[in-house]
Amino acid sequence: MAGESLRVEFRRQVRERVLDTAATLTVERGWDRVRIGEVATASGVSRPTLYREFGTKDGVGEALVAREAERFFTGIAGQLEQHEDPAEGVRAAVRFTLDEASDNPLLRAILTGSRSGDTSLLPFLTTRGDGIITGGNALVGDWMRRRRPELDPRAISDAVDAIVRLTISHLVSPGLGHAEAADRLARLTSCLIAAATPV
């Protein structure tokens, strides 16, 4: 049992080292210019170990974006738990997400890279971002159902899915200031909650 525990811990440390290295290189020069061999070398991990753990460069990229999303989810959960009103909770969570994203070097590299032609990591936030959407829906949906248990769960799921997808849209293609985008999604939340049928 102790041996198994050590193997799991070693694997976790290897993953973190690889992802830290990949994040640093991405911020320095963009994901397109990152080579999987240099990630392995800089991480002190053999190529076969890296490929066994992640499969491909895309596997590393997907894990990198997923890890960053988990960090965001922790902060979003903290914002939501400070509010009882769904609209206010959404306003705080959206504002937090947009503010943090603009200050996050890795996300900035992904988003600014996409505007200059390096779109290779962007799909993990958008078209291949099912894990992020599912995680966001679960987090916000659970919070919303606890705040409004009298409402039809399907209506809450639909509302939350729209809010999560629109937040990602504001993140990827900003057209409004952070406060204005958060206010808009808070108003949308109020409308969707008001239209939801009690169970």
Side-chain angles (χ1 to χ4, degrees), residues 12 15-16 19-20 22-23 26-27 31 61-114 121-196:
R12 188 193 66 76
R15 282 183 69 84
E16 288 302 305
L19 294 177
D20 287 345
T26 301
V27 169
W31 182 248
E62 186 173 8
L64 190 58
V65 172
R67 183 179 72 165
E68 216 56 33
E70 283 302 318
R71 292 177 178 169
F72 271 75
F73 289 157
T74 299
I76 291 166
Q79 293 295 316
L80 291 172
E81 290 304 328
Q82 295 177 37
H83 298 278
E84 289 300 316
D85 179 66
E88 291 307 312
V90 166
R91 177 182 282 112
V94 171
R95 182 66 190 264
F96 169 85
T97 301
L98 298 178
D99 287 348
E100 286 293 306
S102 68
D103 292 335
N104 182 294
L106 178 61
L107 274 179
R108 216 169 38 239
I110 294 170
L111 297 172
T112 57
S114 73
L121 282 180
L122 189 62
F124 295 119
L125 285 174
T126 55
T127 56
R128 293 172 65 185
D130 291 344
I132 292 174
I133 292 170
T134 300
N137 283 352
L139 173 64
V140 180
D142 176 65
W143 171 80
M144 188 86 74
R145 281 185 286 277
R146 286 187 281 118
R147 295 311 184 272
R148 291 294 183 269
E150 75 281 5
L151 296 180
D152 179 357
R154 287 176 305 175
I156 288 179
S157 293
D158 291 345
V160 166
D161 187 64
I163 292 160
V164 168
R165 289 174 188 274
L166 286 169
T167 301
I168 292 171
S169 176
H170 280 292
L171 182 68
V172 172
S173 182
L176 301 173
H178 297 176
E180 193 177 351
D183 288 345
R184 177 177 283 184
L185 288 178
R187 289 193 300 273
L188 176 63
T189 301
S190 292
C191 292
L192 292 170
I193 291 297

Report yes or no: does [X] contribute a side-chain atom to a donor-acceptor pair with the main-chain N or O of [Y] at less than 3.5 Å?
| X | Y | value |
| --- | --- | --- |
| Arg108 | Ser102 | yes |
| Ser169 | Arg165 | no |
| Thr97 | Ala93 | yes |
| Trp143 | Leu80 | yes |

Legend entry - side chain to side chain contact (heavy atoms under 4.5 Å, CB included) partner of Asn137, chosen from Asp142, Asp161, Ile163, Ile132: Asp161
With rounding to the nearest 0.5 Å, note down the distance linking [atom1] in [X] to [atom2] in [Y].
| X | Y | atom1 | atom2 | value |
| --- | --- | --- | --- | --- |
| Leu19 | Leu64 | CG | CG | 6.0 Å |
| Glu150 | Arg145 | CD | CZ | 13.0 Å |
| Gln79 | Asp99 | CD | CG | 9.5 Å |
| Arg91 | Asp85 | CZ | CG | 8.5 Å |

Legend entry - Greater than 12 external heavy atoms within 6.0 Å of Arg147's CZ: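 It does: Arg147 CZ has more than 12 such atoms within range.
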Inset, instruction - Look at atom CZ of Arg154 and say whether more than 12 heavy atoms of other residues, nucleotides or ligands are closer to it than 6.0 Å. - result: no
Inset, instruction - Taking the side chain as every heavy atom from C-beta outward, state whether Leu185 and His170 have any atom pair closer than 4.5 Å. - result: yes
Inset, instruction - For the pair Arg67 and Glu16, evaluate salt bridge (Lys or Arg N to Asp or Glu O under 4.0 Å) and give the outcome as yes or no after the intermediate values. - result: CA-CA 9 Å; Arg67 183 179 72 165; Glu16 288 302 305; 2.8 Å; yes
